[in-house]
Amino acid sequence: MKLKKGDPVVVLSGKDKGKEGTILRVLPKENKVIVEGVNIAKKHQKPTRATMQGGIIDKEMPIHVSNVALWCNKCGATRIGYRFDESGKKIRICRRCGGDV
Ligand SMILES: [Zn+2]
């Protein structure tokens, strides 16, 4: 899983193609991510003791990581590469411009 929580991404396919959002959650086991405002499903919420009311709520559903690309501020949708800094730490870079992402 190359993406992580808080990453800005753009959707590459599906009904939300072209949408940008921030990753809210990553689901490494399923290779899926939940992106803010993307793949919204209407969920019927049963009334709970806490809220005392039900209704329909919008909820982001997970989408497969292959359907999103990291968003680079300089290049737009990009692929992720890696470099190592002086201390050997792995740092993610944009494959297009080589900048840290
Ligand atoms: Zn870039």
Inset, instruction - Mind running side chain to side chain contact (heavy atoms under 4.5 Å, CB included) on Lys89 and Phe84 for me, showing each step along the way? - result: CA-CA 5 Å; Lys89 202 176 152 223; Phe84 293 93; over 6 Å; no
Inset, instruction - With sequence neighbours excluded, give me every side-chain hydrogen bond (donor to acceptor under 3.5 Å, both in side chains) pair touching residues 91-101. - result: Asp7-Arg92, Arg83-Asp100
Legend entry - Rounded distance (nearest 0.5 Å) linking atom CG of Asp85 with atom CD1 of Ile91: 4.0 Å
Inset, instruction - Would you mind listing the cluster partners of Ile56? Hydrophobic ones only (ILVMFWY), side-chain contacts under 4.5 Å, chaining allowed. - result: none
Inset, instruction - Provide the full list of side-chain hydrogen bond (donor to acceptor under 3.5 Å, both in side chains) pairs with a residue in residues 54-76, sequence neighbours left out, each pair given once. - result: Ser13-Asn67, Lys42-Asp58, His64-Ser66
Inset, instruction - Can you run down the side-chain hydrogen bond (donor to acceptor under 3.5 Å, both in side chains) pairs that involve residues 21-32, sequence neighbours left out, and say none if there aren't any? - result: none
Inset, instruction - Would you mind listing the cluster partners of Val35? Hydrophobic ones only (ILVMFWY), side-chain contacts under 4.5 Å, chaining allowed. - result: Met1, Leu3, Val9, Val11, Ile23, Val26, Val33, Val38, Ile63, Val65, Val68, Leu70, Ile80, Tyr82, Val101
Inset, instruction - May I have all residue pairs that pass salt bridge (charged side-chain N to carboxylate O under 4.0 Å, His left out) and include part of residues 9-24, sequence neighbours excluded? - result: Asp16-Lys19
Inset, instruction - Check Cys72 against Thr78 and note the closest heavy-atom contact, atom names and distance. - result: CB-CG2, 3.8 Å
